[in-house]
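Working notes, structure below.
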Amino acid sequence: MISISLEKNTPTSKKSEINIEPSWRARLDQEFEKPYMKDLQHFLKSQYKTGKIIYPSKDKYFAAFNFTPFKKTKVVILGQDPYHGPGQAHGLCFSVPQGEAIPPSLLNIYKELKADLKLTPVHHGNLESWAKQGVLLLNSVLTVENGKAAAHQKKGWEHFTDQVVRELNEGREHLVFILWGAYAQKKAAFVDRNKHFVIESPHPSPLSSHRGFFGSKPFSKTNDYLKQQGLAPINWQLPEMEKE
């Protein structure tokens, strides 16, 4: 598993405590030495010291990177913040662990998936199967306080994930960026559309899904593009997980 320890701050130990998938580590190593990241680490450490409950758990901060290495990324789906309810966040945007109720936005994603590819919706919200195939499920902000949506915005995570998008934009070709909603579209506005395929639509939230998310066919469009580039398409059919 991957983790970021906030318990020690000695110069010799700090970098070794940040354990992120090797191909991403090679790209992002310098980010962990920048002032914004040190400020972010200090903020998170202070939150834990005052008894705040933070989601996801430390070992899942970088789960999206662990499941989807840099060189294996084919598709990027951008979210905003982790879910802020107990047991929901596990490091992948829009995804929740098996056994948790499927959030409203993900229910709408499943509806569009069924309409687009005629795939049967599953009875859980775990999207790890997509991530393992090369779908980077990246939130802009990687932590949140229990019960307080967007509590960790503008603390530094956005700088880190901006760099992630820059690395993908510059270091890869023929990626698909699926940008749902104005926030994601603004964050990835600089992506080179001569190198990559960008799919934009309203957010799948119940507040906006009927404004153009439904009927946008992001899944078939993604696979059509990947096949045009000689790449294997994504199997968007999620496995029905066993009962615990």
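Computed from heavy atoms alone, side chains included, the values below leave out hydrogens, waters and symmetry copies. Residue numbers count from 1 along this sequence.
Put simply, CD1 on Ile54 and NZ on Lys52 are 7.5 Å apart, with the number rounded to the nearest 0.5 Å. Taking OG of Ser95 as the reference point, atom CD1 of Ile77 lies at 10.5 Å (rounded to 0.5 Å). Atom NZ of Lys45 and atom OH of Tyr48 lie 13.0 Å apart (nearest 0.5 Å). In this structure, CG in Asn139 is found 8.5 Å from CG in Leu92, a value given to the nearest 0.5 Å. Note that the CG atom of Asp116 and the OG1 atom of Thr222 stand 8.5 Å from one another [nearest 0.5 Å].
Across every non-hydrogen atom of Lys114 and Pro121, the tightest pair is CD-CD, 3.9 Å. The nearest pair of heavy atoms linking Pro86 to Tyr55 is CA-OH, 3.3 Å.
With a 4.5 Å cut-off on side-chain heavy atoms, Leu138 and Cys93 do not count as touching. For the pair Gln237 and Thr120, the minimum side-chain heavy-atom distance is below 4.5 Å. Contact of the His174 side chain with the Gln228 side chain is not registered, since no non-hydrogen atoms from C-beta on lie closer than 4.5 Å. In this structure, the side chains of Phe219 and Ile109 come closer than 4.5 Å at one or more pairs of heavy atoms. Using a 4.5 Å heavy-atom threshold, the side chains of Lys71 and Thr73 count as separate.
The cationic group of Lys155 lies under 6.0 Å from the six-membered ring centre of Phe43 and within 45° of the ring axis, placing it in a cation-pi geometry.
Between Phe160 and Phe32, the ring centre distance stays below 6.0 Å.
With no hydrogens or angles considered, no side-chain donor-acceptor pair links Gln163 and Thr161 at under 3.5 Å. Side chains of Ser208 and His203: a donor-acceptor N/O pair is absent below 3.5 angstrom, by distance only.
Counting only distance, with no hydrogens or angles, the side chain of Glu145 and the backbone of His152 share no donor-acceptor pair below 3.5 Å. Between the Arg27 side chain and the Phe70 main chain, no donor and acceptor come within less than 3.5 Å of each other. In this structure a side-chain-to-backbone donor-acceptor pair under 3.5 Å is missing from Tyr83 to His90.
Within 6.0 Å of NZ on Lys195 lie more than 12 heavy atoms contributed by other residues, nucleotides or ligands.
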Go through the steps to decide whether Trp180 and Phe94 satisfy the test ring-ring contact (aromatic ring centres under 6.0 Å, His included), and finish with yes or no.
CA-CA 11 Å; Trp180 290 326; Phe94 294 104; 5.5 Å; yes
Just do the side chain to side chain donor-acceptor pair (under 3.5 Å) check on Trp157 and Thr143 with the steps written out, would you?
CA-CA 8 Å; Trp157 281 126; Thr143 58; 2.8 Å; yes
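Under the ring pair (Phe, Tyr, Trp, His ring centres under 6.0 Å) criterion, Phe214 pairs with His210, sequence neighbours left out.
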